Amino acid sequence: MADSSADSSASFFRRHLEGWKGYWAERLSIIDNYRPFLNRNKPLPKWSASDVEEFIASDPVYGPTLKTAREAAKFAAAGGLIGAVSTAAVSWKYSRSPHESNITLGLELAYATLSKLTCLAEHVGTPKSAVLSLVAGGVFGMTFGQEIANHWLQLYRLDTLGSEVKFLEWWERKIGERP
């Protein structure tokens, strides 16, 4: 009797795990479009901006979509830069000790000995918090920039994945690795 309950609980977990595998396989089926380009023995050579412009001019269906997707990447980069710099600056500003003034700090630096410099370095600010804010602000800003581009350029109406795959197929044909 104990064996049958152990078998039924194992089968329950196995069924549950198989359900999750199916769920994620369905959600990540987007990777199947990129599979021929990801699992290569020899990677594709790098392409230049002129190559991308040539594809945009040559393909009337997927060219404009790829151009719009490239514009959206500029939104994301700008958002990441703005987010990173602004959050790091705010973090650096407010991580300093509030009772130090610039004049006092300048005089202490001018007359400080080596031991005084090490104590003074503790009051200047915490670079760890500024670096963490830089990274987090960059990620948040990039995500926010992508969302703005998605709505501003109406990317939800376009098949950007299809245009990227068509570009990679075109690039393979151009360099002569695929018929």
Side-chain angles (χ1 to χ4, degrees), residues 12-96 125-179:
F12 168 76
F13 287 118
R14 182 170 304 274
R15 282 183 287 146
H16 187 70
L17 180 64
E18 291 299 322
W20 275 106
K21 280 184 183 177
Y23 172 81
W24 284 111
E26 182 182 320
R27 298 301 183 277
L28 298 177
S29 64
I30 197 168
I31 295 174
D32 292 338
N33 295 333
Y34 286 112
R35 196 164 310 281
F37 309 108
L38 295 175
N39 298 330
R40 297 174 54 92
N41 294 334
K42 181 182 159 193
L44 285 172
K46 295 188 185 279
W47 53 82
S48 65
S50 63
D51 295 323
V52 176
E53 291 300 324
E54 183 181 341
F55 172 76
I56 291 170
S58 69
D59 193 334
V61 175
Y62 291 105
T65 303
L66 186 66
K67 184 176 182 179
T68 305
R70 288 175 59 88
E71 290 174 16
K74 293 175 186 174
F75 275 75
L81 182 67
I82 291 169
V85 170
S86 62
T87 56
V90 168
S91 174
W92 184 261
K93 178 182 178 184
Y94 291 110
S95 69
R96 292 178 162 198
T126 57
K128 290 179 188 176
S129 63
V131 169
L132 183 62
S133 296
L134 180 87
V135 171
V139 170
F140 298 148
M142 185 180 73
T143 304
F144 193 63
Q146 285 175 339
E147 287 300 315
I148 289 173
N150 190 24
H151 294 290
W152 188 279
L153 301 172
Q154 297 180 350
L155 290 178
Y156 50 85
R157 294 182 176 183
L158 304 175
D159 183 17
T160 55
L161 175 66
S163 68
E164 291 170 1
V165 169
K166 290 296 182 185
F167 170 73
L168 290 172
E169 289 172 353
W170 174 84
W171 182 241
E172 273 186 338
R173 282 192 308 272
K174 183 178 179 189
I175 61 172
E177 286 191 15
R178 192 178 205 188

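If you're wondering where the values come from, they're calculated on a predicted model, not measured in any experiment. For the numbers below, each heavy atom of this structure counts, side chains included, while hydrogens, waters and symmetry mates do not.
S50 meets the side chain to side chain donor-acceptor pair (under 3.5 Å) test with S48; sequence neighbours excluded. Under the side chain to side chain donor-acceptor pair (under 3.5 Å) criterion, S133 pairs with S91, sequence neighbours left out.
Residue pairs satisfying the salt bridge (Lys or Arg N to Asp or Glu O under 4.0 Å) criterion with at least one member in residues 43-55, sequence neighbours excluded, are listed as follows: D51-K174, E54-K174. Within the structure, the side-chain hydrogen bond (donor to acceptor under 3.5 Å, both in side chains) test picks out the following pairs touching residues 136-156 (sequence neighbours left out): Q154-R157. Listed by first then second residue, pairs satisfying ring pair (Phe, Tyr, Trp, His ring centres under 6.0 Å) with a partner in residues 49-73 read F55-F167, F55-W170, not counting sequence neighbours. For residues 68-79, no pair satisfies salt bridge (Lys or Arg N to Asp or Glu O under 4.0 Å), with sequence neighbours left out.
Closest approach of T87 and G83 over heavy atoms only: OG1-O, 2.7 Å. Annotation for I175 and P45: closest pair CD1-CD, 3.4 Å, computed over non-hydrogen atoms. When all heavy atoms are compared, the tightest approach of D159 to T65 is O-CG2, 3.6 Å. Across all non-hydrogen atoms, the minimal contact from I56 to G63 is CG1-O, 3.5 Å. When all heavy atoms of A69 and T160 are compared, the closest pair comes out as CB-CG2, 4.1 Å. For the pair L66 and V52, the tightest heavy-atom approach, listed with the atom from each and the gap, is CD2-CG1, 4.0 Å.
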inquiry  = Checking I82 against F144 for the side chain to side chain contact (heavy atoms under 4.5 Å, CB included) test, could you report, in this order, the C-alpha distance in whole Å, the side-chain angles of both residues, the deciding distance, and whether it holds?
reply    = CA-CA 11 Å; I82 291 169; F144 193 63; over 6 Å; no

